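Everything below concerns the one structure shown next.
We name chains A, B, ... by the order of the sequence lines, and we start the count at 1 in each one. Nothing here was measured: the structure is a model prediction, and the numbers come from that model.
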2 protein chains.
Amino acid sequence: MARAGLTAAKLTEAAAEMADEVGLDRVTVSALARHFGVKDASLYSHIKNLRELRVRIALLGGAEMTERIAAAVAGRAGKDALVAFADAYRQYALAHPGRYAATQLQFTPEEITDSAVVRRSAELTYGMLRAYGLAEPDLTDAARLLRAAFHGYIHLELGGGFGHPRTVQESWDRSLDALHVLLENWPARPDRSTR
Amino acid sequence: MARAGLTAAKLTEAAAEMADEVGLDRVTVSALARHFGVKDASLYSHIKNLRELRVRIALLGGAEMTERIAAAVAGRAGKDALVAFADAYRQYALAHPGRYAATQLQFTPEEITDSAVVRRSAELTYGMLRAYGLAEPDLTDAARLLRAAFHGYIHLELGGGFGHPRTVQESWDRSLDALHVLLENWPARPDRSTR
DNA sequence: CTTGAAACCTAGAGCTCCTAGGAAATGGTG
DNA sequence: CACCATTTCCTAGGAGCTCTAGGTTTCAAG
């Protein structure tokens, strides 16, 4: 009887594939075992539990995503970099919704500390923003707003949360125009008089 | 033997409570039945299945949320309205994370068409934006960007996706300042030369 | 060829959702 | 009050899921 020759990496890859096709929540240990023609208990030699499998999918997705973003942003600055970053982000999320969804799970520090993905991702964001000449704490604020806007957009788009009339692509492009303008005109210090 | 006197509404309320306390994914039919000291099969007289329970939680949360936002926005315009809207949105989401999470599930049209929540929510957003003098399709684009930014921010905050140094509150306030500026200076038509 | 590690198995506990069909409480009606 | 339909809740059970414990088979290196 030939063995499947499983490894944690193969399981993760197959699970990620499955997540993109049928949705992250349908990726179960049983389903994955079926996919390899193996009993579900066998998978526990390679992964600790379902949770770990999901974290692995997330780390895989995160790594792939930052890689693509890095390639897209390379050699660009200012609006070019912003648009390249944002488009690469969106493209990846739409092409790999399951992996992207895994990325959005809530992690404990231990689950991701030893991974370079988070740090690398932060570097990319700050690198892209540097061209706008922002200084801390504006840099942090702007980075947070951008991350929020990107993620929020994707989330709404994947969830079908947008009405039909105007295409998402057009809104997305215009929103990026707007965010670019925003970054160029980031408001001066706390304007407490109005709050 | 005294009966629990269950109704769909009571179940939904208890489930929402439970979702806020222990997380939406831990709200199970079994757990809910235990909470009422009843067998799980008994709940199926009141709700069709787990899916329906979740949709009900989402509709409840959505209704409560739009209500609070409407109250906060009433009588305000421009930046006042924007800040009131955003703060009410964030406040509700942080106070009721389980209900909010339910709100973000992916729904089929049938599950929400008969509900006024979606329409009401859209009205509030567009109403708030009207003071900025935007015309379609900018109105739609701006609304989408705002929704994305709000949701993205909350999602990252709830997921602990923000590093510690700078408080989220400060970043949030500054981001709102920035979004206000953005809405006042929404860039003119498609600037295709740069893309 | 032996041996130890890795891959895979069987067996089973415990939780989940959900269905089918029956019993008991409730509330309105004659 | 007695009856009856409706609603509420039950028992029983199937099927799927996660995960553990412990045993067997394959494989590669000595």
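Dashed line: the shortest gap from a side-chain N or O of B/H46 to OP1 or OP2 of D/dC9 is under 4.0 Å. Phosphate contact (OP1/OP2 of D/dC17, side-chain N/O of A/R34, threshold under 4.0 Å): present. Note on B/S42: a side-chain N or O is less than 4.0 Å away from OP1 or OP2 of D/dC10.
In this view, B/E67 satisfies the salt bridge (Lys or Arg N to Asp or Glu O under 4.0 Å) rule with no residue, not counting sequence neighbours. Every residue was checked against the side-chain hydrogen bond (donor to acceptor under 3.5 Å, both in side chains) condition with B/T125, not counting sequence neighbours, and none meets it. Residues meeting the side-chain hydrogen bond (donor to acceptor under 3.5 Å, both in side chains) test with B/T28, sequence neighbours left out: none. By the side-chain hydrogen bond (donor to acceptor under 3.5 Å, both in side chains) test, B/R90 is found to be paired with B/E157, B/Q169, residues two or more places apart in sequence or in another chain being considered. B/R130 meets the side-chain hydrogen bond (donor to acceptor under 3.5 Å, both in side chains) test with no other residue; sequence neighbours excluded. Taking the salt bridge (Lys or Arg N to Asp or Glu O under 4.0 Å) definition, one finds that B/R51 meets it with B/E111, sequence neighbours left out.
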Which protein N or O atoms sit under 3.5 Å from an N or O of nucleotides 22-24 of chain C?
from	atom 1	to	atom 2	distance (Å)
C/dA24	N3	B/R3	NH2	3.0

Output a table of nitrogen or oxygen pairs between the protein and nucleotides 18-20 of chain C separated by less than 3.5 Å.
from	atom 1	to	atom 2	distance (Å)
C/dC18	OP2	B/Y44	OH	3.1
C/dC18	OP2	B/L50	N	2.7

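Within residues 5-28 of chain A, the residues that have a heavy atom under 4.0 Å from DNA chain C are, in order of number, A/G5, A/L6.
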Side-chain donor-acceptor contacts of residues 31-45 of chain A below 3.5 Å, not counting sequence neighbours, with atom names and distances?
from	atom 1	to	atom 2	distance (Å)
A/S42	OG	A/K39	O	3.2
A/S45	OG	A/S42	O	3.4

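Within the structure, the side chain to side chain donor-acceptor pair (under 3.5 Å) test picks out the following pairs touching residues 8-17 of chain B (sequence neighbours left out): B/E13-B/R99. Residue pairs meeting the ring-ring contact (aromatic ring centres under 6.0 Å, His included) criterion with at least one partner in residues 52-98 of chain B, sequence neighbours excluded, are B/F85-B/F150, B/Y89-B/Y100, B/Y89-B/F150, B/Y92-B/H96.
Atom P of nucleotide D/dC9 and atom CZ of B/F36 are separated by 10 Å, given to the nearest angstrom. C/dC8 atom P lies 9 Å from atom CG of A/L43, rounded to whole Å. Between the NZ atom of A/K39 and the C1' atom of D/dG16 there is a distance of 14 Å, given to the nearest Å. Rounded to whole Å, atom C1' of D/dC19 lies 13 Å from atom CD of A/E52. One interatomic measurement links the two molecules: CG of B/L32 to P of C/dC15, which rounds to 17 Å at whole-angstrom precision.
Nucleic acid contact class of B/S45 (heavy atoms, under 4.0 Å, all strands): base.
Between A/E52 and A/R56, at least one side-chain nitrogen of the basic residue sits less than 4.0 Å from a carboxylate oxygen of the acidic one, meeting the salt-bridge criterion.
Between the side chain of B/R54 and the backbone N or O of B/L50, no donor-acceptor pair lies under 3.5 Å.
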